[in-house]
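Residue numbering restarts at 1 for every chain, and letters A, B, ... go by the order of the sequence lines. For the numbers below, each heavy atom of this structure counts, side chains included, while hydrogens, waters and symmetry mates do not. A quick note: this is a predicted structure, and the numbers were derived from the prediction, not measured.
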Amino acid sequence: MSCERPLSYLEVEMDRVLSSELALHAGERVRLAGWMHRIRRLGSGMVFVHLRDRSGICQIVVEAPEAIASLDGLLAESVIEVEGMVAVEPQAAGGFEIHNPTFIVLSAVTDALPFPINKPVINAHLDTFLDHAMVGLRAPSKQAIFRLSAAAAHGFREALDAQGFTEVTTPKIIGTASESGANVFAIDYFGRQAYLAQSPQFYKQIMVGVFERVYEIGPVFRAEPHQTVRHLNEYVSLDAEMGFIKDHTTVMAVLMDVIRGMLSYMAGHCSRELELLHVGMPLAPEVFPHVYFPDAQQWIYEHKGEDCRGEPDLAPQHEKWIGEWAKEVHDSDFVFVTGYPMVKRPFYTAPNPKDPRYSNSFDLLFRGTELVTGGQRLNRFDDYARALEARGMTQDAVAGYLETFRFGMPPHGGFAIGLERFVMQLVGLTNLREAALFPRDMERLQP
RNA sequence: GGGGUCGUGGUGUAGCUGGUCUAACACGCUGGCCUGUCACGCCGGAGACCACGGGUUCAAAUCCCGUCGAUCCCGCCA
């Protein structure tokens, strides 16, 4: 029996140079590895290969006949290892390129891609793209979207960690369809009926009783039969919940801090992606403008001539108008709408003590689209008992949840940001599906 | 769930008031030319019985009906 020591990460990576690091190795012979992003065969003895790795793209100039021959028949996306000389070359993008290369083909591609992915614009319908997302996502412009997505989540974590929040993960398979029974997916759980969680709401509140401040990044599942550019049946929710608040305005203050944290993390770490996607940072003032729900309706009535006063909710068009108002009058791409009517909010929502028709809750609109919902929750058991009764719900269905409130819960509240929506609005995508790696909607389960 | 629009080579489109459409263009693929390309360029080539089924007509990619698929709006939500 042999007992060979596996190579460490450092040893494995030791002599691999990334395409973005050529400047550090001018005049040296280096080894690179990656995908053949593009190959241009100029006649008689000159070939340009663009090599793509996780750091970017660099150019390799091939002139030796035997090196050119080693690339025969290879199509884009072949995986190759290259050894060659780093040369200073003003003509090359970035100022450096690889000369006198030799190649090892790690994985040859001989079939044409379903559509070219090395063009500035991907020329494929969204549906076609999604059918081939496994390879389409390699396109730099598509990569950039999901690097931004990752950075947004990172910024969210960083901002909340700094405020003493603890990250938690809660079950996505749950035993009771609690919050609003109609919108959950039922699954078979060893012969019993179970459901996919449509929100970590109950668990994050429970965890406030443990940690005071918690957050969670995870998928949520909505069995809503919608077919629009801003809905998915599975999406990533950035959830936060905190105890010992004054009311929903405390939550709003934390949320503003988080949004700014997300944006500044992206600005600091994703300049390349932001530039590639032509994304301008949104206007996010120190304090986001906010408008009380009935006042928003009154404003719409007076300025847009549409009378939605008394309606329990705002329509997408109303949200667009509010967003325009915030931008024009307050130089902000973000705007809070506070005090949504209690009838439109779930049973755990805390009412406005001065006018119990309205709630201590809010939505945050980002460029005219709903991005965040949040608010203050009830925190006393008796209030829950009354709220459930008023809605004709039984305590049995949520018994475990209610135990939390029987044994002492502080005034608390929280919010949930839709990650894909955030990225969609930031980048200016026209369809939320472009902000999800493998989106799930009513029709799509693959890939 | 209600309504609108659309289905043409691998991809994106043109054609669609019926008639040399033997289906055009661009990207991709492919043969050739070019030693500085980087959305290279130039000359050739392959590849689509026009989503599927039925109907009208002398004649259908084109008009009608149905089916399937896609897409957008509304409702609902993040």
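Rounded to whole Å, the P atom of B/rC29 lies 15 Å from the corresponding atom of B/rU11. The same atom, P, is picked in B/rU20 and in B/rG3; the two are 38 Å apart, to the nearest Å. To the nearest whole angstrom, the two P atoms, one in B/rC21 and one in B/rC16, are 13 Å apart. Here, B/rA78 and B/rU17 have their P atoms 46 Å apart, quoted to the whole Å. Taking the C1' atom of each, B/rA26 and B/rA48 are spaced 16 Å apart, rounded to whole Å. Rounded to a whole angstrom, the distance from the C1' atom of B/rA23 to that of B/rA14 is 10 Å. Nucleotides B/rA61 and B/rG19 have their C1' atoms positioned 13 Å apart, rounded to a whole Å. Taking atom P in both B/rG15 and B/rU67, the straight-line distance is 28 Å, to the nearest Å.
Annotation: A/His50, atom NE2; neighbour count of heavy atoms from other residues, nucleotides and ligands within 6.0 Å is above 12. Heavy-atom neighbours of A/Phe438 CZ from other residues, nucleotides or ligands within 6.0 Å: above the threshold of 12. The environment of A/Glu302 atom CD is dense: over 12 non-hydrogen atoms of other residues, nucleotides or ligands sit within 6.0 angstrom. Counting heavy atoms of neighbouring residues, nucleotides and ligands inside a 6.0 Å radius, atom CH2 of A/Trp325 exceeds 12 of them.
Rounded to a whole Å, the CD atom of A/Gln91 is 7 Å from the P atom of B/rU37. We find that CD1 of A/Ile68 is positioned 13 Å from C1' of B/rG36, with the value rounded to whole Å. Atom-to-atom, NE2 of A/His37 to C1' of B/rU37 comes out at 14 Å; the value is rounded to the nearest Å. Going from atom CG of A/Asn123 over to atom C1' of B/rG12 covers 4 Å, rounded to whole Å.
Expressed to the nearest 0.5 Å, how far OG of A/Ser332 lies from CG of A/Leu283 amounts to 7.0 Å. Taking CG of A/Leu148 as the reference point, atom CZ of A/Arg272 lies at 11.0 Å (rounded to 0.5 Å).
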For nucleotides 8-10 of chain B, which of its nitrogen or oxygen atoms have a protein nitrogen or oxygen under 3.5 Å away, and what is each distance?
from   : atom 1 : to       : atom 2 : distance (Å)
B/rG10 : O2'    : A/Pro114 : O      : 2.9

Pick out the pairs of N or O atoms, protein on one side and nucleotides 39-41 of chain B on the other, that lie under 3.5 Å.
from   : atom 1 : to      : atom 2 : distance (Å)
B/rC40 : OP1    : A/Arg40 : NH1    : 3.3
B/rC40 : OP2    : A/Arg38 : NE     : 3.1

With the criterion being N/O to N/O and under 3.5 Å, what pairs connect the protein with nucleotides 44-47 of chain B, and how long is each?
none

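Between A/Phe293 and A/Tyr358, the ring planes lie tilted relative to each other; the angle falls in the 30° to 60° range. Classified by interplanar angle (parallel below 30°, tilted 30° to 60°, perpendicular above 60°), the ring pair A/Phe347/A/Tyr384 is perpendicular. Ring planes of A/Phe165 and A/Tyr215: tilted class, angle from 30 to 60°.
With both pairing distances under 3.5 Å, B/rC49 is matched to nothing as a Watson-Crick or G-U wobble pair. With a cut-off of 3.5 Å on both Watson-Crick or G-U wobble distances, the partner of B/rC33 is given as B/rG41. If you check B/rC68 for Watson-Crick or wobble pairing at under 3.5 angstrom, you find it paired to B/rG7. Using the Watson-Crick or G-U wobble rule with both distances under 3.5 Å, B/rG12 pairs with B/rC25.
Looking at which nucleotide of RNA chain B each of A/His99 and A/Leu74 is closest to, the 5′-most match is held by A/Leu74.
Between A/Arg421 and A/Glu370, none of the side-chain N atoms (NZ, or NE/NH1/NH2) sits under 4.0 Å from a carboxylate O, so this pair counts as no salt bridge. A salt bridge does not link A/Glu224 with A/Arg440: every distance from a Lys NZ or Arg NE/NH1/NH2 to an Asp or Glu carboxylate oxygen is 4.0 Å or more.
Here side chain to side chain donor-acceptor pair (under 3.5 Å) pairs that include residues 109-128 of chain A, with residues two or more places apart or in two chains, are A/Asp127-A/Arg444.
Minimum heavy-atom separation, A/Val343 to A/Pro312: CG2-CB, 4.0 Å.
Every residue two or more places apart in sequence or in another chain that forms a side chain to side chain donor-acceptor pair (under 3.5 Å) with A/Asn352 is listed here: A/Tyr292.
Residue A/Glu97 is classed as a base contact, given a heavy-atom separation below 4.0 Å to a base.
When each of A/Leu32, A/Val30, A/Val17 is paired with A/Val86, the side chain to side chain contact (heavy atoms under 4.5 Å, CB included) condition holds for A/Val30 and for no other.
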Checklist line | Letter per nucleotide, 5' to 3', of nucleotides 69-78 of chain B [B base touched, S only sugar-phosphate touched, - untouched; heavy atoms, 4.0 Å] | finding: -SSSBBBBBB

